[in-house]
Protein chains: 2
Amino acid sequence: MRDERALLERYLRDRGLKMTRARETVLTAFLGLESHVSVEAVIEAARRLDPGVGQATVFRTVKLLVDAGLAREACHDDGTRLFEHAYNHAHHDHLTCIRCGAIVEFIDTDIERAQEAVYRRYGFESSGHRLELYGVCPACAAEDTD
Amino acid sequence: MRDERALLERYLRDRGLKMTRARETVLTAFLGLESHVSVEAVIEAARRLDPGVGQATVFRTVKLLVDAGLAREACHDDGTRLFEHAYNHAHHDHLTCIRCGAIVEFIDTDIERAQEAVYRRYGFESSGHRLELYGVCPACAAEDTD
DNA sequence: GCTCAAATGATAACCCTTATCAATACATCC
DNA sequence: GGATGTATTGATAAGGGTTATCATTTGAGC
Ligand SMILES: [Zn+2]
Ligand SMILES: [Zn+2]
Ligand SMILES: [Zn+2]
Ligand SMILES: [Zn+2]
């Protein structure tokens with residue numbers, strides 16, 4: 001939290017932008033939420049801290065957080081974008097339950113390595129990837145057999 | 001084309017729906033396009049065949065094609081959904097150039113196998129996945145060095 | 001042909017996101 | 001501390017893609 005705030009302040013200062021109360025509110029709200037949140041969830045959380053914050057400001061600030069390296073866009077499959085913490089939160093992929101929405105974060109070195117091989121095979125320079133595995137989690141599968 | 005039409009007719013008949021001129025137009029338009037097309041592209045193609053077709057109908061029909069197994073939703077990263085042919089078009093993943101938008105379709109058995117291992121590791125039942133690799137294609141990379 | 005439910009197309013509504021803009025808040029420099 | 005000038009804010013409107021509404025038309029089966 002200290003670190004994140006310092007990181008944002010530095011990011012802003014470096015490009016002549018200002019650290020404002022609204023931005024502080026949005027940062028605090030975002031950091032207080034669990035990962036994979038919509039902007040709407042951030043808006044609600046921010047307004048619990050300060051009811052007057054405008055939604056346009058939250059959209060703008062979340063974009064700032066992404067640029068500053070504090071947030072990262074995660075899976076967005078239904079038209080709504082989701083964001084997760086990016087600071088001290090290494091790259092990972094997602095395994096999502098199509099029933100209950102549970103999300104498992106995982107990193108698999110075999111997959112990562114094989115992806116690198118695909119880049120080489122086609123002569124592409126890598127600039128990131130998005131991998132979402134969909135399935136039914138153990139809990140939901142157990143309900144099926146009841 | 002014969003097969004696809006028969007497939008759609010059967011799908012419709014099986015659930016009391018009707019094969020209409022508009023649906024035939026949309027099917028023909030979609031099949032005549034190369035893969036990874038937006039609904040808007042299908043609308044344009046359909047209206048070249050029959051200017052009177054409504055856009056709502058195209059949206060509805062594309063959804064039907066997906067349900068019937070003739071189309072599949074592909075990558076949609078900017079808010080616009082893309083669709084590709086699904087009949088006689090096996091599963092594959094995508095390698096996309098972030099400069100020119102070129103798309104390479106690939107299938108990598110190592111990746112597929114490693115994904116199965118992830119499902120087993122977390123006890124999930126697999127129901128499909130989406131893998132998009134992003135990078136810079138050889139042509140665009142060559143431009144950079146000019 | 002007749003009948004009735006399904007389908008159409010024009011339009012409005014919807015959701016998420018971005019642009020506009022006058023009013024305000026911030027950092028810097030006296 | 002106070003003035004200055006730009007960045008930021010929040011309310012609102014606009015935007016793009018998609019879906020809902022609904023009177024009218026079309027299709028399949030009898
Ligand atoms: Zn579940
Ligand atoms: Zn995550
Ligand atoms: Zn390229
Ligand atoms: Zn494809």
Side-chain angles (χ1 to χ4, degrees), chain A residues 5-6 8-30 36-68 71 73-83, chain B residues 5-6 8-30 36-68 71 73-83:
Chain A
R5 203 201 130 111
L8 179 59
E9 275 185 357
R10 179 174 184 174
Y11 171 88
L12 295 172
R13 186 173 303 260
D14 284 355
R15 50 211 81 201
L17 307 179
K18 296 168 182 174
M19 186 62 183
T20 67
R21 191 146 57 88
R23 283 173 180 165
E24 215 170 315
T25 300
V26 174
L27 174 63
T28 305
F30 175 69
H36 315 112
V37 292
S38 63
V39 175
E40 190 178 348
V42 180
I43 292 173
E44 291 173 11
R47 285 185 171 160
R48 280 194 290 272
L49 300 174
D50 176 359
V53 66
Q55 66 168 24
T57 299
V58 179
F59 272 97
R60 286 185 287 234
T61 306
V62 167
K63 194 176 298 183
L64 268 183
L65 294 182
V66 171
D67 290 343
E73 196 172 341
C75 35
H76 56 86
D77 243 34
D78 59 336
T80 305
R81 280 192 258 250
L82 296 183
F83 297 87
Chain B
R5 203 202 130 111
L8 180 58
E9 275 186 355
R10 178 175 184 173
Y11 172 87
L12 295 172
R13 186 173 304 260
D14 284 355
R15 51 210 81 204
L17 306 180
K18 296 169 181 171
M19 186 63 182
T20 66
R21 190 146 58 88
R23 284 175 178 163
E24 217 169 313
T25 300
V26 174
L27 174 64
T28 305
F30 174 69
H36 314 111
V37 291
S38 63
V39 174
E40 190 178 348
V42 180
I43 291 174
E44 291 173 11
R47 286 187 169 158
R48 280 194 289 273
L49 300 175
D50 176 359
V53 66
Q55 68 168 23
T57 299
V58 179
F59 272 97
R60 287 186 286 235
T61 306
V62 168
K63 194 175 299 182
L64 268 184
L65 295 182
V66 171
D67 290 343
E73 196 171 339
C75 35
H76 55 85
D77 243 35
D78 61 334
T80 306
R81 280 190 257 250
L82 297 183
F83 296 87

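The figures that follow rest on heavy atoms only: side chains count, while hydrogens, waters and symmetry mates do not.
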> Any side-chain N or O of B/Arg81 under 4.0 Å from OP1/OP2 of D/dT18?
Replying inline: yes
> OP1 or OP2 of D/dA7 less than 4.0 angstrom from a side-chain nitrogen or oxygen of A/Arg13, does that happen here?
Replying inline: no
Which side-chain N or O atoms in residues 8-15 of chain A pair as donor and acceptor under 3.5 Å with protein atoms at least two apart or in another chain?
{"from": "A/Glu9", "atom 1": "OE2", "to": "A/Arg5", "atom 2": "NE", "distance (Å)": "3.0"}
{"from": "A/Glu9", "atom 1": "OE2", "to": "A/Arg5", "atom 2": "NH2", "distance (Å)": "2.4"}
{"from": "A/Arg15", "atom 1": "NE", "to": "A/Tyr11", "atom 2": "O", "distance (Å)": "3.1"}

Whole-Å distance between [N] [atom2] and [X] [atom1]?
X: A/Ile43; N: C/dT17; atom1: CD1; atom2: C1'; value: 10 Å
X: A/Glu9; N: D/dT8; atom1: CD; atom2: P; value: 14 Å
X: A/Tyr11; N: D/dA7; atom1: OH; atom2: P; value: 14 Å
X: B/Leu82; N: D/dG17; atom1: CG; atom2: P; value: 11 Å
X: A/Lys63; N: C/dT17; atom1: NZ; atom2: P; value: 10 Å

Please give me the minimum heavy-atom distance between [X] and [Y], naming the atom from each residue.
X: B/Thr57; Y: B/Ala22; answer: CG2-CB, 3.9 Å
X: A/Ala74; Y: A/His36; answer: CB-CD2, 4.0 Å
X: A/Ala46; Y: A/Thr25; answer: O-CG2, 3.6 Å
X: A/Thr80; Y: A/Ser38; answer: CG2-CB, 4.0 Å

> How would nucleotides 6-15 of chain C be written as a contact map, 5' to 3', with B for base contact, S for sugar-phosphate-only contact and - for no contact, using protein heavy atoms under 4.0 Å?
Replying inline: SSBBB-----
> With a non-hydrogen cut-off below 4.0 angstrom, is A/Arg15 in contact with a base, only sugar-phosphate, or nothing?
Replying inline: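 Result for A/Arg15 = nothing.
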> Given side chains that start at C-beta, do those of B/Arg23 and B/Arg60 come closer than 4.5 Å, heavy atoms only?
Replying inline: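 Answer no - side chains too far apart.
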> B/Thr61 side chain to B/Leu64 main-chain N or O, any donor-acceptor pair under 3.5 Å?
Replying inline: no
>> I need the A/Glu40 CD to A/Gln55 CD distance, nearest 0.5 Å.
In response: 8.5 Å
> Got a second to check how far B/Glu24's CD is from B/Leu49's CG, nearest 0.5 Å?
Replying inline: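 Atom-to-atom, B/Glu24:CD and B/Leu49:CG are 10.5 Å apart.
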>> For the helix from C/dG1-D/dC30 to C/dC30-D/dG1, what angle separates the axis at the start from the axis at the finish, each from five pairs, in steps of 10°?
In response: 30°
